[in-house]
Amino acid sequence: MADSAQLQPRPLLDGLITLQPDDRELLVTARLLTHVGRNSQRYRFRLRDHEQDWFEVGVDGQRSLAGLPAGHYVMEVQARSGQSGWSEST
């Protein structure tokens, strides 16, 4: 994973992030707005039309992607807190 000092934020415009040719890694962070403590929150991600299974990341809510070929991707994110079910994909 890249050193956090080297990560450059990219703006989210109309729900899209555009990466530049020299970008080598994408770090996606999700946060659930809830009154339940952070330690009971869980997150999972999936690249629509590229991954069949969800990639669960636990409480940190981060997924790192590196080496993706050029193209258009849709990242789906789901979250849950406590014993609740998974949220709808966003």
Side-chain angles (χ1 to χ4, degrees):
M1 185 179 293
D3 183 303
S4 61
Q6 297 173 344
L7 295 176
Q8 298 295 317
R10 298 283 183 218
L12 183 63
L13 302 172
D14 295 326
L16 301 174
I17 297 173
T18 301
L19 301 178
Q20 302 304 310
D22 60 339
D23 289 332
R24 299 289 178 245
E25 181 179 22
L26 174 64
L27 178 64
V28 179
T29 303
R31 290 292 177 256
L32 184 61
L33 300 176
T34 180
H35 65 282
V36 177
R38 185 171 184 264
N39 288 335
S40 68
Q41 298 172 10
R42 299 288 181 269
Y43 301 89
R44 63 185 186 178
F45 296 83
R46 177 173 65 184
L47 287 176
R48 185 183 300 158
D49 299 327
H50 294 278
E51 296 175 323
Q52 182 176 350
D53 297 323
W54 288 94
F55 185 83
E56 293 192 32
V57 297
V59 299
D60 74 356
Q62 293 186 333
R63 179 158 183 204
S64 177
L65 298 158
L68 288 175
H72 296 276
Y73 297 90
V74 175
M75 174 68 69
E76 294 180 288
V77 180
Q78 290 185 333
R80 71 179 188 183
S81 62
Q83 298 300 316
S84 68
W86 290 104
S87 65
E88 291 187 31
S89 296
T90 59

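Throughout, numbering of the chain's residues begins at 1 and tracks the sequence.
Atom CG of Leu68 sits about 8.5 Å away from atom CG of Leu19, to the nearest 0.5 Å. Taken from CE in Met75 to CZ in Arg46, the straight-line distance is 11.0 Å, to the nearest 0.5 Å.
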Under 3.5 Å, side-chain donor or acceptor atoms of residues 47-57 against the rest of the protein: list the pairs with distances, not counting sequence neighbours.
| residue | atom | partner | partner atom | Å |
| --- | --- | --- | --- | --- |
| Glu51 | OE1 | Leu47 | N | 2.8 |
| Glu51 | OE1 | Arg63 | NH1 | 3.0 |
| Glu51 | OE2 | Arg63 | NH2 | 2.6 |

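In the hydrophobic cluster analysis, where Ile, Leu, Val, Met, Phe, Trp and Tyr join through side-chain heavy atoms closer than 4.5 angstrom, Val77 is grouped apart from Trp86. In terms of hydrophobic clustering, with Ile, Leu, Val, Met, Phe, Trp and Tyr side chains grouped at heavy-atom distances under 4.5 Å, Val28 and Val74 are assigned to different clusters.
When every heavy atom of Gly85 is checked against every heavy atom of Arg80, the shortest pair comes out as O-CB, 3.3 Å. For the residue pair Gly61 and Tyr43, the shortest heavy atom distance occurs at CA-CD1, 3.4 Å.
Side-chain contact between Glu25 and Leu65: absent, with no pair of heavy atoms (C-beta onward) separated by less than 4.5 Å.
A distance-only check finds a donor-acceptor pair linking the side chain of Gln78 to the backbone of Ser87 [under 3.5 Å].
Applying the side chain to side chain donor-acceptor pair (under 3.5 Å) test to Thr29 and every residue at least two apart in sequence or in another chain returns Gln62.
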